[in-house]
Amino acid sequence: MFKHSYKGSVVAGREWGDSMRKIKVPEAVVGSWEHAFHLAGNGKNKLLLMNKVKDEKCLSSYIGHRAIGVVYNPEHERFGNYVPTILPKRYDVFIFINETSALHHIHIQPNGNQIPETYPFGM
């Protein structure tokens, strides 16, 4: 899952195999999709249904957008966290949250005899 936000905090690891922690997300760089959405709506959240806006000229250029997933390192902000993207060609729906707040992870104490109920494969 990618988070598309202007600033805030997330729970992620700084590299693959790293433990999860709360990480501060700095303000998006000028010229990115996140910065543009922040300016366009006075800091309000947005939902774009790409089938409704796919022919808009303003969405037809490659512009960097911040990709935050299970791995995020703010020290790489200008070098590796932005992906050149034409939004309607990459997404069906784009959700922009102006300021995110890190989730609190669930502390599970498995008893060793069964898979915890929240285990991702338990569905």
Side-chain angles (χ1 to χ4, degrees):
M1 176 169 123
F2 291 103
K3 301 209 180 288
H4 309 286
S5 64
Y6 177 69
K7 66 178 181 176
S9 61
V10 297
V11 173
R14 291 188 181 270
E15 60 187 37
W16 287 108
D18 192 15
S19 61
M20 303 297 275
R21 67 187 81 185
K22 182 178 178 178
I23 300 174
K24 183 177 187 236
V25 177
E27 293 179 353
V29 298
V30 173
S32 66
W33 283 115
E34 289 76 12
H35 186 257
F37 286 130
H38 171 74
L39 294 178
N42 296 326
K44 298 206 185 290
N45 300 337
K46 290 158 193 57
L47 170 69
L48 276 81
L49 304 175
M50 292 301 165
N51 64 339
K52 306 272 187 194
V53 295
K54 66 182 177 191
D55 296 325
E56 294 292 329
K57 184 141 178 73
C58 64
L59 297 176
S60 66
S61 299
Y62 281 100
I63 296 176
H65 90 78
R66 180 167 29 205
I68 299 175
V70 295
V71 173
Y72 175 68
N73 190 334
E75 294 169 9
H76 301 158
E77 190 67 10
R78 294 203 178 268
F79 308 108
N81 293 337
Y82 287 84
V83 180
T85 302
I86 295 175
L87 290 181
K89 290 189 176 186
R90 185 174 184 112
Y91 300 107
D92 294 323
V93 175
F94 189 86
I95 300 171
F96 171 78
I97 308 294
N98 192 64
E99 185 170 356
T100 58
S101 296
L103 299 175
H104 302 283
H105 58 278
I106 300 172
H107 296 283
I108 300 173
Q109 298 295 323
N111 66 14
N113 295 324
Q114 65 187 68
I115 296 173
E117 194 174 313
T118 58
Y119 194 72
F121 305 109
M123 304 291 300

Return the minimal non-hydrogen interatomic distance between Gly8 and Glu99, and the atom names on each side. CA-CG, 4.0 Å

Has the side chain of Lys7 got a donor or acceptor atom that lies under 3.5 Å from a matching backbone atom of Ser5? no

Minimum heavy-atom separation for His35 to Val29, with atom names? CB-O, 3.2 Å

Examine distances only and state if a side-chain atom of Asn98 and a backbone atom of Asn45 form a donor-acceptor pair shorter than 3.5 Å. no

Can you confirm whether Tyr72 sits close enough to Asn81 that some side-chain heavy atom of one is under 4.5 Å from a side-chain heavy atom of the other? yes

Intermediate values then yes/no, side chain to side chain contact (heavy atoms under 4.5 Å, CB included), Lys22 and Val10: CA-CA 6 Å; Lys22 182 178 178 178; Val10 297; over 6 Å; no

Verify the distance criterion only: is there a donor paired with an acceptor across the side chains of Tyr91 and His65 at less than 3.5 Å? yes

Donor-acceptor check, side chain of Ser32 to backbone of Val30, threshold 3.5 angstrom: yes or no? no

Test Lys89 against Leu87 for side chain to side chain contact (heavy atoms under 4.5 Å, CB included), laying out the working first. CA-CA 5 Å; Lys89 290 189 176 186; Leu87 290 181; over 6 Å; no

On the 0 to 90° scale, with breaks at 30° and 60°, tag the Tyr6-His38 ring pair as parallel, tilted or perpendicular. parallel

Within a strict 4.5 Å, meaning less than it, do heavy atoms of the Ile23 and Val11 side chains meet? no

Which pair of heavy atoms, one from Ser9 and one from Ala102, lies closest together, and at what distance? OG-N, 2.9 Å

Is there side-chain contact between Asp92 and Met50, with at least one heavy-atom pair below 4.5 Å? no

Min side-chain heavy-atom separation Glu27-Glu34 under 4.5 Å: no

If you take all heavy atoms of Leu59 and Ile86, which pair is closest and at what distance? O-CG2, 3.3 Å

Might you work through the side chain to side chain contact (heavy atoms under 4.5 Å, CB included) test for Phe94 and Phe37, ending with a clear yes or no? CA-CA 11 Å; Phe94 189 86; Phe37 286 130; 3.4 Å; yes

